[in-house]
Amino acid sequence: METQLVLEKWPGVVSTVVIGAKKEAGGSRGNTVTIGGQNSLPLLFKEGAIPHKPIIAFEIWDIAPQDWPDELISAYGKAINDPLAWAEKCVNEFKAELLCVKMQGTHPDFGNKSPEKAAKFISLLLSKVRVPLIIIGSGDDAKDNLILPACSEAARGERCLIGCAVQDNYKTLVASVLADGHSIIAESPIDINIAKQLNILISDMGLSLERIVINPTIGALGYGLEYAYSIMERARLAALSGDKTLASPFICFIGQEAWKSKEARVSVEQGIIWEALTATSLIQSGTDLLIMRHPQAAQKVNNYIENLFKDKE
Amino acid sequence: MALSGLDIYKLLPKTNCRQCGFATCLAFAMQLAKKTVAIEKCPFISPEAKSILEAQALPAIKLITLGSQESKFDIGNETVMFRHEEKFRNPAGVGFIIEDGLSDTEIRERLRKINQLKFERVGQQLSVNLVALKQNKDASRYLEAVKLLLDNTTLPMMLMSKDLAALKQAVIISQERKPLLYSAQQENFAQIGALAKEFQLPLVVMAQDIDQLRRLTKELNGLGVNELILDTGIKPLADKIWDLTQLRRQALKRSNRALGYPTLAIVEQTDPYLEAMEAGAYIAKYAGLVLIKGWSSWEVLSILTLRQNIYTDPQKPLQIDPKLYSVGQVNRDSPVLVTTNFSLSYYTVLGEVEASKIPAYILSVDTQGMSVLTAWAAEKFNAEAITKSLETCGVKEVIRHKDLIIPGYVAMISGDLQDQSGFRIIVGPKEAAGIPAFLKKLN
């Protein structure tokens, strides 16, 4: 008797989210990035469609970063002191397909940049680079509620991904994103129930589920990676089983977590592998979008993704 | 699939004779389902029913022990597809392939480095598990290399050779180490199976195709060889993940005994980063044994850390004893930092306090293994809990100041905590990485 393969067919499908708008769609981007759309568990190509690869976005800041270790700073050289030059370097030299700009300089403790200045920066950035943008606040809720709407408006029609909306602070951001034609990042603290609840709250305000990406919040390798890993597996299983309110693609802030670790400060190799292995382990649990910091880690993870998807598309 | 109590009841005599010690056959069946009693307690069970029940009592994936004495380790006996369903049980072995074509000096040096690959993370020892010797040269060179392994490492061994005569010679000199043999394939399974049986050694079965693999293990079982590890050969990454997933599903979902063994994955990548990422994928996706070539400590540490993460029991976060710890040569003026008893929180704080070179006390509060913010949300790391811990830990007897440093993430409890504990609360950094700079400024 032949061995019968155990095949799992799923009724659900992860929603497809497009980031960036070209001229014909009302934006000015040179390319767009599409994530999600799979109806299979990660990397099981024989069971269902996996139409889009996981994508790496390079993280840049609107100011020169203060707390990044030298191993990371030196990878960018002088450009890191000028955010626009830094952005161009990511695109031209490291072939970034999209950028994730963190508006750290708007934080009250890091320069307290005004909403007008933040908006101006986004406009400049959009004119300097033609890749799609992810825009992230500084994490100060009150200030983010002022600057993110300004950034959203400055990027109107460019179909950016903007975040992060959290359970007790999402309304302002949802309203802006709706008005300006962007998509939103919904962040939950390693908690599947909050992730689900927040998606419902956001979609109740009229933003369709196809415009939401879940940030499950992660820990780096050795720093609680396994919690996010399992939350993501559980959420994805629920999504594939038909729960539309959890069927959003995932975004993971890999670089931010990996470079906080003690190991990343031991040697540049250790730092790069820490970021790379954090990334690929979360690809295994289903991430669609990876925000990374070290160009070499990004390049290695890109190689890994190419290997995975070779002959599969 | 495990049988329920009712399924088992149907196989019993249903006479309620009480000879098993239970009032009814149904009560006995319920205990059998929980695996708390042995089927032998029933004197009237039919041979057919007995064999069904014995088979169901066996683990779906056989437990295989590799190596001998102190360095031996177990793989297999896994019960779930996803770690959140219960836990992954026996951490994947991580081993190194060494080729006999290397010079004696190179082999010794490589082994010396591999032997040193031991790390401590969050209170656990992380170590590598095995050395695999691959034959590329003639039989006499292979034997010399086996002797080098025997003399230079105590790690369990795996013998990789296509030359059966050489393999047998190697087994004769290394049999006390219980080497794992590689590999039984369609053309040699009878001979290598006989060797494994004669010396009571575990054996890797290799076939590209899963059905072919099933046939080979059945043949080997027929020859009395039951200590097996499954390998589907070197394949593209996604195909290998598919095979490993399919083998786990066959064992767990189909109770396919012929495929109910741990699996092996060999990584063939020359770039250490790609090697680590690929090894990581196999560790996450079900491999029982992963073989690599790279031995740089930064690469191996990352792989072993991932293994530690994946095999952590999701129901039991790693915890430490909640009490007052001293770091360095503390005195009555040393600062006191408070954190949770979640291992990761404690060891992260500990590492940074050590790095600061400033002697300090760390008070680990009993949060039942929850991290700072989770414990705060669950009211296990609030003013009451910390005050209680301050009262009972004995810190007041060893210091003469009344300052307490709390994690930046729980700055909101400062007021309450100050009122309740009588300590002056100093809000520390949010991330442990900020501790050294913080402590230096405090001084």
Side-chain angles (χ1 to χ4, degrees), chain A residues 1-8 41-47 67 69 189-191 219 221-227 229-231 233-234 237 260-263 265-274 276-281 283-285 296-297 299-301 303-304 307-312, chain B residues 82-84 121-122 209-211 213-215 236-239 241-242 245-246 249-250 252-254 256 258-259 269 271-274 276-281 283-285 296-299 301-303 305-306 308-312 314 317 344 348 351-352 355 371 373-374 377 431-434:
Chain A
M1 197 182 72
E2 284 271 310
T3 306
Q4 295 268 314
L5 292 179
V6 185
L7 296 174
E8 292 177 347
L41 285 169
L43 313 179
L44 299 183
F45 294 91
K46 293 180 188 179
E47 278 185 341
D67 61 347
I190 324 183
D191 187 319
L221 177 64
Y223 293 84
L225 175 100
E226 70 273 25
Y227 293 88
Y229 182 94
S230 284
I231 285 291
E233 284 197 327
R234 285 174 58 198
L237 283 165
K260 258 189 231 166
S261 69
K262 177 175 77 183
E263 287 76 5
R265 283 174 274 158
V266 171
S267 70
V268 68
E269 290 91 352
Q270 186 80 79
I272 291 169
I273 209 161
W274 220 255
L277 195 55
T278 301
T280 57
S281 302
I283 288 174
Q284 193 64 62
S285 64
Q296 213 183 327
Q299 186 214 333
K300 296 294 178 189
V301 174
N303 288 349
Y304 177 87
N307 281 348
L308 274 173
F309 280 74
K310 210 186 300 170
D311 311 321
K312 303 292 177 204
Chain B
F82 300 99
R83 54 188 296 286
H84 66 258
R121 280 201 103 256
V122 285
D209 169 76
I210 286 178
D211 196 54
L213 200 55
R214 176 190 62 93
R215 271 179 250 199
L237 181 51
D239 294 349
I241 291 171
W242 173 257
T245 304
Q246 198 53 235
R249 286 183 185 167
Q250 290 290 334
L252 298 187
K253 295 181 180 238
R254 285 272 162 78
N256 190 341
L259 295 174
Q269 286 285 0
D271 178 310
Y273 297 96
L274 291 176
M277 291 187 280
E278 194 169 323
I283 286 169
K285 286 294 148 189
S296 309
S297 70
W298 52 270
E299 180 191 350
L301 172 62
S302 71
I303 294 171
T305 303
L306 180 66
Q308 181 186 34
N309 284 172
I310 294 293
Y311 279 86
T312 295
L344 189 54
T348 308
E352 298 299 340
S371 64
L373 274 177
T374 318
E431 300 291 344

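On a predicted model such as this, the values are computed, not experimentally measured, just so you know. Chain letters run A, B, ... following the sequence lines, proteins first, then strands; residues in each count from 1.
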What part of B:Asp271 gets within 4.5 angstrom of chain A, counting heavy atoms only: side chain, backbone, both, or neither? side chain
Under 4.5 Å from a heavy atom of chain A, the part of B:Thr348 involved: side chain
Please determine, among A:Leu43, A:Asp191, A:Leu237, A:Asp67, the option with the most heavy-atom pairs under 4.5 Å with chain B. A:Leu237
A:Lys300 and A:Glu269 ion-paired at < 4.0 Å: no
Portion of B:Leu306 that has a non-hydrogen atom of chain A nearer than 4.5 angstrom: both
Calculate, to the nearest 0.5 Å, the distance between atoms CD1 and CG belonging to A:Ile272 and A:Leu277 respectively. 13.5 Å
Specify which of B:Leu259, B:Leu237, B:Ile303, B:Asn256 makes the most heavy-atom pairs with chain A at under 4.5 Å. B:Leu237
Considering non-hydrogen atoms only, spot the tightest contact between A:Leu225 and A:Ser281 and give its length. CD2-CB, 4.0 Å
Could you pull out the closest heavy-atom pair between B:Ala433 and A:Arg265, with the gap in Å? CB-NH2, 3.6 Å
Assign the ring pair A:Phe309 / A:Phe45 to parallel, tilted or perpendicular, where the plane angle (0 to 90°) is split at 30° and 60°. perpendicular
Between B:Gln246 and chain A, which part of the residue has a heavy atom less than 4.5 Å away: side chain, backbone, both or neither? side chain
Heavy-atom contact with chain A under 4.5 Å, split by part of B:Glu352: side chain
So which of A:Lys262, A:Glu263, A:Gln296 has the biggest tally of heavy-atom pairs under 4.5 Å with chain B? A:Glu263
Point-to-point distance, once rounded to the nearest 0.5 Å, from OG of B:Ser371 to CG of B:Leu344: 8.5 Å
Mind ranking B:Leu301, B:Asp239, B:Val122, B:Ile283 by heavy-atom pairs under 4.5 Å with chain A and telling me who comes out on top? B:Leu301
Please flag which part of A:Ile231 lies under 4.5 Å from any non-hydrogen atom of chain B: side chain, backbone, both or neither. neither
Minimum heavy-atom separation for B:Met277 to A:Thr280, with atom names? SD-CG2, 3.2 Å
Taking side chain as everything from C-beta outward and backbone as N, CA, C, O, which of these in A:Tyr304 sits under 4.5 Å from a heavy atom of chain B? Side chain, backbone, both or neither. both
Options B:Ala377, B:Gly280, B:Ala284, ranked by heavy-atom pairs under 4.5 Å with chain A, top entry: B:Ala284
Pick one of side chain, backbone, both or neither for A:Val301, based on which atoms fall under 4.5 Å of a heavy atom in chain B. both
Quick one: closest heavy-atom pair of B:Ala276 and A:Ile273, and the distance? CB-CD1, 3.5 Å
Could you look at B:Thr245 and say if it's the side chain, the backbone, both or neither that has a heavy atom under 4.5 Å from chain A? side chain
Using a strict 4.0 Å threshold on nitrogen-to-oxygen distance, state whether A:Lys260 and B:Glu431 make a salt bridge. yes
Between A:Glu47 and B:Arg249, does any NZ, NE, NH1 or NH2 come within less than 4.0 Å of an OD or OE carboxylate oxygen? yes
Proximity breakdown for B:Leu213 and chain A, heavy-atom pairs closer than 4.5 Å: neither
From OH (B:Tyr273) to CH2 (B:Trp298), nearest 0.5 Å: 4.0 Å
Turns out that what part of A:Ser230 lies under 4.5 Å from chain B's heavy atoms comes down to both
Highest number of heavy-atom pairs under 4.5 Å with chain A among B:Glu278, B:Gln250, B:Arg215, B:Glu299 belongs to B:Gln250
